[in-house]
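Convention: sequence-line order gives letters A, B, ...; per-chain numbering from 1. Just so you know, these numbers use all the heavy atoms, side chains as well, and skip hydrogens, waters and symmetry mates.
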Amino acid sequence: MFALLDCNNFYVSCERLFNPRLEGRPVVVLSNNDGCVVSRSNEAKALGIRMAEPWFRLRALARQHGVVALSSNYTLYADISARVMSTLGRLSAGQEIYSIDECFLDLSGMSAQERISHAQELRQTIARHVGIPVCVGIASSKTLAKLANHFAKKGLAGQDGVCDLDAMTSHQRHELFAHCPVGDIWGIGRQLAKQLQAMGLAHVEDLRRADPGAIRNTFSVTLQRTALELNGIACIDLARDIAPRQQIISSRSFGEPVDTLADLREAILYHTTRAAEKLRADGSVAHAIGVHVRSNPFQPKEPQYDRTQLVPLAQPTSDTMRLARAAMHGLQQIYRPGIRYKKAGILLTGLQSANHIETDLFDQTTSRNRQRMQTIDAINRKMGRDTIVLAGSGIERRWNMRREHVSPDYTTCWNNLPCAH
DNA sequence: ATGCTCCTGCGAA
DNA sequence: CTAACGTTCGCAGGAGCAT
């Protein structure tokens with residue numbers, strides 16, 4: 001038996017913790033670069049503001065209704081998330097942290113009564129200890145638990161932010177499934193929903209009753225598993241141990257378009273530095289680095305360009321200088337003048353544990369390099385992220401993202417506390 | 001026929 | 001005033017290649 005616990009309007013709820021004036025008002029949090037809406041308060045949803053709506057298209061409506069728009073502050077959200085997750089971890093047998101605002105929990109061996117009262121207790125504890133409102137969905141597969149959470153959030157399944165599909169009658173379940181579009185199911189996005197609808201499988205109940213073998217043939221094993229899970233046959237286990245990452249991406253849109261190789265070099269070096277830090281934090285090494293640049297696809301009249309160049313590494317490494325050299329080589333190959341670039345980034349792939357790689361008998365520089373990177377990491381951890389940087393990664397950084405309405409890092413930075421000013 | 005790598009598309013949050 | 005549309009991850013499956 002699985003529970004899926006999901007925080008309500010998570011980023012907005014985080015902002016409200018420290019700014020009570022946001023209570024009762026329409027509030028949205030914007031994606032990086034103040035681009036799109038990624039979190040909405042109930043009041044904002046009531047105004048018809050949709051998920052992923054570009055902010056510039058909402059400006060007029062927002063002014064009219066007094067909508068508060070905030071830049072995203074992932075430092076704050078990550079810290080609040082850690083508090084929610086550790087609180088839940090203490091109260092649960094098995095926990096899989098699925099994303100920044102949701103996790104699966106193992107509720108096996110409980111009666112329906114026990115499950116529902118346990119879920120209520122979780123909600124109250126999170127509200128008291130962290131201050132974040134959450135909803136809980138419960139069922140016998142992860143896909144159904146996600147769906148149950150969806151019903152709980154919409155208030156379709158009765159009381160108080162908890163929905164246990166296994167505590168309901170089959171008639172009640174049927175009613176919910178018959179009216180819920182397939183696009184609301186975990187794993188079914190826009191493309192699949194369109195195809196399924198064309199085949200007459202428009203609602204959850206249709207897919208649940210479909211022949212799994214036929215689904216496998218016309219679509220994929222993934223969708224077959226989804227169909228089985230809708231029938232309460234658990235195909236996807238709770239992931240108890242966190243598998244090491246297979247790739248690391250660092251990329252970002254520019255605040256303003258960039259056209260010089262010099263600016264792109266800075267940005268690529270910056271991202272290489274960030275990604276290499278993550279790589280070493282994971283205790284991994286990379287076999288290849290990919291360099292990615294692209295123009296702005298939302299300006300179709302301008303010349304379009306979108307390339308990534310994969311550069312294999314002679315020996316797998318986590319050394320920033322080596323990765324940077326490879327990245328510069330890749331960038332050189334794909335840079336084209338006369339393009340207004342809007343985004344650049346890098347990708348580290350073929351990740352492996354640093355412990356398992358063969359060391360080159362004739363290479364005496366590797367261990368010195370490793371020590372050097374460890375020292376730099378330690379200094380940057382202690383003194384702040386950009387204390388020691390690559391000279392090439394830029395000072396002025398004209399390409400930095402827009403972040404016009406950012407809130408303070410209330411919980412992780414003393415200097416950002418309002419009383420420090 | 002089989003198995004590999006590389007690349008693209010899709011989905012998720 | 002203008003122009004202004006996210007990021008990071010995993011998985012499936014097809015293309016291309018070698019055996």
For the side chain of A:R59, counting heavy atoms from C-beta on, which of C:dG6, C:dT8, C:dA4 is nearest?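 Nearest to the side chain of A:R59 among the choices is C:dA4.
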
Counting only side-chain heavy atoms from C-beta out, which of C:dC9, C:dA4, C:dT7 sits nearest to A:I249? C:dC9

I need the [atom1]-[atom2] distance between [X] and [N], as an integer number of Å.
| X | N | atom1 | atom2 | result |
| --- | --- | --- | --- | --- |
| A:K342 | C:dA4 | NZ | P | 8 Å |
| A:R216 | C:dG13 | CZ | P | 6 Å |
| A:Y98 | C:dG10 | OH | P | 12 Å |

Evaluate the criterion salt bridge (charged side-chain N to carboxylate O under 4.0 Å, His left out) for residue pair A:R370 and A:D319; output intermediate values, then yes/no. CA-CA 7 Å; A:R370 196 168 303 162; A:D319 184 275; over 6 Å; no

Regarding [X], tell me which of base, sugar-phosphate or nothing describes its non-hydrogen contacts under 4.0 Å with the strands shown.
| X | answer |
| --- | --- |
| A:Q299 | sugar-phosphate |
| A:R252 | sugar-phosphate |
| A:L30 | nothing |
| A:S250 | sugar-phosphate |
| A:W55 | nothing |
| A:I97 | nothing |

First-last contacting nucleotides on DNA chain B - partner chain A, under 4.0 angstrom, heavy atom: B:dC7 to B:dA13

Verify the distance criterion only: is there a donor paired with an acceptor across the side chains of A:K45 and A:N9 at less than 3.5 Å?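 Yes, A:N9 and A:K45 have a side-chain donor paired with an acceptor closer than 3.5 Å.
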
Within 45° cone and under 6.0 Å: A:R336 NZ/CZ vs A:Y305 ring: yes

Within 45° cone and under 6.0 Å: A:K142 NZ/CZ vs A:F104 ring: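 Output yes; distance and angle both within limits.
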
